[in-house]
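Have a look at the structure below, then the notes.
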Amino acid sequence: MKQVLKLFDTYEREVRELKPLKGNEIGLYACGPTVYNFVHIGNLRTYIFEDLLHRTISHAGFNVTHVINITDVGHLASDADSGEDKMEVGSRRTGMTAWEIAEFYTSAFKDDLVKLNILEPTIWCKATDHIEDQIAFIVDLESKGFVYETSDGIYFDSRKLDDYGYLARLDIDGLQAGARVNLGEKRFVTDFALWKFSKPDENRQMEWDSPWGIGFPGWHIECSAMSARYLGDYFDIHCGGKDHIPIHHTNEIAQTQASKGTRLANFWLHGYFLQMEDSKMSKSSGDFLRLETLIERGYLPLVFRYFCLQAHYRSELSFSWESLKAAHTSLMRLYEAAYSWGAPSNISEEYYVRFVQHLYNDLNLPRALAVAWELVRSPEPDGIKKATLLAFDEIFGLDINAWRPKQVDIPKEVSSLLARREEARKSKDWNAADQVRDEISRLGFSIEDSKDGPIIKPI
RNA sequence: GGCUGGGUGGCAGAGUGGUUAUGCAGCGGUCUGCAACAUCGUUUACGCCGGUUCGAUUCCGACCCCAGCCUCCA
C-alpha cells in the first residue's frame, strides 16, 4: 500500500498531500539564526523539526534541496529610528569584530546541529554573501512601484497589496488601531524596511553601497532574495518558527508577491515553541538554556532530540529538568533494549506500516514513537525488533545502532570489594554481602546481580 | 487593548462524538537471599459555565487562563 505524505500548510490552514511542484524535487527553505549569540534549546527544537521534515520527505522518495540561511547582518532592534544593531552590540560585548562574531556563532550553531544528529542541509547561505541579490530584488520592487524613501531608508509599501497579511490572517484595521509604537516616517504600520541608510556618525562595520546610498539591507529581504536564488520564485516548502508568521514570513510573501507574483512557497510550515517553566526562552534577555548547558548537566544531546520527539511540532512543549530526566530514562531503556537484541533480521511489516502512517500524517512523531514502544514490548523475535527499530531510527535520528554501554574503569578498590562480596554470597553470608554492597555504593557504583554474575555501573 | 492559536491524569504528551495512545513517576505482582535490573498489571484525566445531541473531553457560545505577534527573538 502506497502511503502519501500529508503536511499542514499555515497559508491555507489545512493538511494536504505534498506534491512536488517540479518532477520529483522538493525545495525546502528554513529560516536560520541571526548569529550574534548562541542559539538556545528553543531554537534547536525548530531545527530538529525541520530535520525530521527533511528525513521524512526523503523517506517518501523525493529529492530534497534543503537550504538554511545564516543571518549575519545585525539589522536594527526595531524599524523605528531607535534601537541598536545586534551585531554591533555583540561586537562591543565581546571585543570581536562583527565579522568575527558572525563566524564564531555560526560555527557554534553548526556544532549543535551535528550533536543533535541533524542532517547537513544541501545549501548554507549567508546574507552578506548575497547583498547584490538583495539590492537587485529591491530595485525590481522599486521599478514596480512598491517602495518609498524616508530619511532613514527604503520602505515597502504594504498597502499596495490587497491581501497583505493573509498568511497570519492579520486584521489590518485592528493592528492600526492597537499599534503600540509610533510609525516614525513609515506611512503605515505594516510597512517595513528594505534598505537602511548608515548614519553619518555611526561608523558601521557592516555596510554596502547601493543605488540609494551606503547602508545595509532590511531583514526580510534576504530570505526572499536567497530562496529565489537557490530554489526559484515559487518552491515547495518554507519553514521557520511560529513567531515568524505575522511579521517575517508575512513580509517575505509580500515582497515576493510584489516582485514575482507568487506566494513564495506552496507549503508554509511552522515549529511551535519550547516553553520554559517560569521564564520565556529569550535570546535578547541573555537568559536562556543552551545545548551546552544540558551537556554540562550530564545529558546526552540526543536526549534532547528524544525529548522533542515526544511532542507534535505544532504544539507547545514544556521544558523542565524533570521531564528532560524522564526523556533520559526512556532513551536509555530504548538503547539498552536494542543493544541487547543483537543482530537485526527482518523488518516487521505490520509495525512499519503503522509507523509510516503516523509519520506521513503531518509528522506525528509522538504516535510513531508510541509504535516503537509497542514494538519494544511486543513478543516479536529480537532480530525483528532490532531491524524494525533501526528502520524507524532512519527518521528518529537517535543513533540507536551506534550506542554502546558505557565502558567505565572500575577502581581496583571496587573490584576487590566486588570479589569479596561474591565470596560472601557464595557462603550465604548475606549480612557481609550487603555491607560490602553499601560500601561499593558509597564509592559511586551500583551492582546488578545477573545470571552471568554481577554487573557494576557508575551511579 | 487588538489579532492568531491553545488549555487532557502526579509530570510530559497523543487522540477521539460513544470502545479513552505512549513515555516517566507512583502503587501492586513476578523475578531476586534481600535489593537492583527486567517484566506484567494498575491509578479512568480532558479549564469553567451554558447550548446542540440518545450520548461531548471531542461540535457551538460566553468567561477565565496560557502562548505567539503588535519592539530584535525558533
Side-chain angles (χ1 to χ4, degrees), chain A residues 10 13 30-34 36-37 39-50 71 74-80 82-86 89 165 167-181 189-190 219 239-248 250 270-275 280-285 288 306-307 309-320 322-331 333-334 336-337 340 358 364-374 376-377 425 428-431 433-434 437-438 441 446-451 454-455 457:
Chain A
T10 306
R13 309 268 161 117
C31 284
T34 304
Y36 68 103
N37 203 335
V39 297
H40 54 59
I41 57 175
N43 297 314
L44 291 171
R45 182 189 180 197
T46 300
Y47 297 105
I48 289 171
F49 145 61
E50 288 156 355
T71 301
H75 306 295
L76 290 178
S78 79
D79 272 344
S82 62
E84 284 185 291
D85 183 291
K86 286 180 288 193
V89 171
L167 176 76
R169 307 293 190 264
L170 289 183
D171 170 40
I172 305 295
D173 295 338
L175 261 184
Q176 192 182 18
R180 284 196 177 174
V181 286
V189 262
T190 51
W219 177 34
C239 41
K242 71 175 273 204
D243 56 323
H244 284 334
I245 298 170
I247 304 288
H248 183 50
T250 289
H270 295 95
Y272 279 45
F273 274 26
L274 185 69
Q275 218 68 41
K280 190 190 162 183
M281 186 76 74
S282 158
K283 223 195 266 197
S284 50
S285 74
F288 59 84
Y306 181 94
F307 178 77
L309 253 32
Q310 292 177 298
H312 190 261
Y313 75 90
R314 267 189 307 117
S315 43
E316 313 290 358
L317 172 56
S318 304
F319 179 87
S320 69
E322 185 195 354
S323 46
L324 188 70
K325 187 158 183 271
H328 168 85
T329 306
S330 305
L331 181 58
R333 282 186 188 159
L334 200 60
E336 280 173 29
S340 75
H358 289 126
N364 195 331
L365 269 304
R367 279 278 172 180
L369 196 58
V371 172
W373 278 106
E374 282 180 48
V376 169
R377 309 247 139 106
R425 294 187 70 221
K428 296 199 194 304
D429 184 353
W430 308 124
N431 274 341
D434 291 351
R437 183 168 64 198
D438 289 347
S441 108
S446 70
I447 297 173
E448 291 168 21
D449 290 325
S450 78
K451 275 202 297 264
I455 298 167
K457 287 183 177 174

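Chain letters run A, B, ... following the sequence lines, proteins first, then strands; residues in each count from 1.
- No side-chain heavy atom of Asn43(A) sits under 4.5 Å from any side-chain heavy atom of Phe288(A).
- Side-chain atoms of Val371(A) and Arg367(A), non-hydrogen and from C-beta on, never get closer than 4.5 Å to each other.
- Comparing the same atom, P, in U44(B) and in C11(B) gives a spacing of 16 Å after rounding to whole Å.
- Among residues two or more places apart in sequence or in another chain, the side-chain contact (heavy atoms from CB on, under 4.5 Å) test is passed with Arg169(A) by Arg13(A), Tyr166(A).
- The distance from atom CD1 of Ile172(A) to atom P of C69(B) is 17 Å, rounded to the nearest whole Å.
- In this structure, Tyr313(A) and Phe49(A) have parallel ring planes: the angle between them is below the 30° cut-off, well short of the 60° mark.
- Taking each heavy atom of Ala311(A) and Arg45(A) in turn, the nearest pair found is CB-NH2, 3.9 Å.
- Nucleotide G68(B) holds its P atom 18 Å from the CG atom of Leu167(A), rounded to whole Å.
- Every residue meeting the side-chain contact (heavy atoms from CB on, under 4.5 Å) condition with Arg437(A), not counting sequence neighbours, appears here in chain and number order: Arg421(A), Asp434(A), Ile447(A).
- Distance check on atom C1': G47(B) versus A36(B) gives 42 Å, rounded to whole Å.
- The separation between Ile247(A) atom CD1 and U71(B) atom C1' is 9 Å, rounded to whole Å.
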Could you go over nucleotides 5-11 of chain B and give all protein N or O partners under 3.5 Å, atom names and distances?
from	atom 1	to	atom 2	distance (Å)
G5(B)	OP1	Arg13(A)	NH1	3.4

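- With A25(B), U22(B), G2(B) as the choices, the nucleotide that has an atom nearest any side-chain atom of Asp171(A) turns out to be G2(B).
- Residues Leu170(A) and Thr250(A) come closest through the heavy atom pair CD1-CG2, 4.3 Å.
- Comparing Ala327(A) and Pro246(A) by the nucleotide of RNA chain B that holds the closest heavy atom to each, the one mapping nearer the 5' end is Ala327(A).
- Stem list for RNA chain B (at least 3 consecutive Watson-Crick or G-U pairs, distances under 3.5 Å): B:1-7 with B:64-70, B:10-12 with B:22-24, B:26-30 with B:38-42, B:49-51 with B:59-61.
- The two atoms that bring Ala168(A) and Pro246(A) nearest to each other are CB-CA, 3.7 Å, heavy atoms only.
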Expected string for nucleotides 27-37 of chain B under the B/S/- scheme (protein heavy atoms, under 4.0 Å, primed atoms plus P, OP1, OP2 as sugar-phosphate) is ------BBBBS
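- When distances run from any side-chain atom of Arg377(A) to the nucleotides C40(B), G13(B), C69(B), the shortest one goes to C40(B).
- Distance check on atom C1': G50(B) versus C40(B) gives 45 Å, rounded to whole Å.
- If you take atom C1' in U43(B) and the same atom in C24(B), they sit 15 Å apart, rounded to whole Å.
- One atom, CG of Leu334(A), and another, P of A38(B), lie 13 Å apart when rounded to the nearest Å.
- Using a 4.0 Å heavy-atom distance criterion, His312(A) is classed as a sugar-phosphate-only contact.
- Summarising the geometry of His358(A) relative to Ala368(A), their closest heavy-atom pair is CB-N, 4.0 Å, with the distance given to 0.1 Å.
- Rounding to whole angstrom units, CZ of residue Phe273(A) and C1' of G68(B) are separated by 6 Å.
- Backbone-only engagement by Leu317(A) is indicated by non-hydrogen atom pairs under 4.0 Å involving sugar-phosphate atoms exclusively.
- Between Gly32(A) and Thr71(A) the shortest heavy-atom distance is O-OG1, 4.4 Å.
- A38(B) and U32(B) are spaced 11 Å apart, taking the C1' atom of each and rounding to whole Å.
- Between the NE2 atom of His244(A) and the P atom of C69(B) there is a distance of 10 Å, given to the nearest Å.
- Between the C1' atoms of A14(B) and U58(B), the separation comes to 14 Å (whole Å).
- The listed nucleotides are A12(B), U22(B), A67(B); the one nearest the side chain of Gln275(A) is A67(B).
- Under 4.0 angstrom from either OP1 or OP2 of G23(B) there lies no side-chain N or O belonging to Thr329(A).
- Both Glu374(A) and Leu170(A) sit near RNA chain B, but only Leu170(A) has its closest nucleotide nearer the 5' end.
- You'll find that the side chain of Ser315(A) is closest to G13(B), out of G15(B), G13(B), G68(B).
- When side chains are defined from C-beta on, Tyr272(A) does not count as touching Leu317(A), because their heavy atoms never get closer than 4.5 Å.
- Comparing G13(B) with A45(B), their C1' atoms are spaced 13 Å from each other, to the whole Å.
- Between the CD atom of Gln310(A) and the P atom of G15(B) there is a distance of 14 Å, given to the nearest Å.
- Closest non-hydrogen pair, Phe307(A) versus Leu274(A), comes out as CE2-CD1, 3.9 Å.
- Rounded to a whole Å, the CG atom of Leu324(A) is 13 Å from the C1' atom of G23(B).
- Annotation: side-chain contact (heavy atoms from CB on, under 4.5 Å) contacts of His248(A) (sequence neighbours excluded): Cys31(A), Trp219(A), His220(A), Cys223(A), His244(A), Glu252(A).
- Of the residues listed (Arg314(A), Lys242(A), His270(A)), the one engaging Thr10(A) in a side-chain hydrogen bond (donor to acceptor under 3.5 Å, both in side chains) is His270(A), and it is the only one.
- Only the P atoms considered, G41(B) is 10 Å distant from U22(B), to the nearest whole Å.
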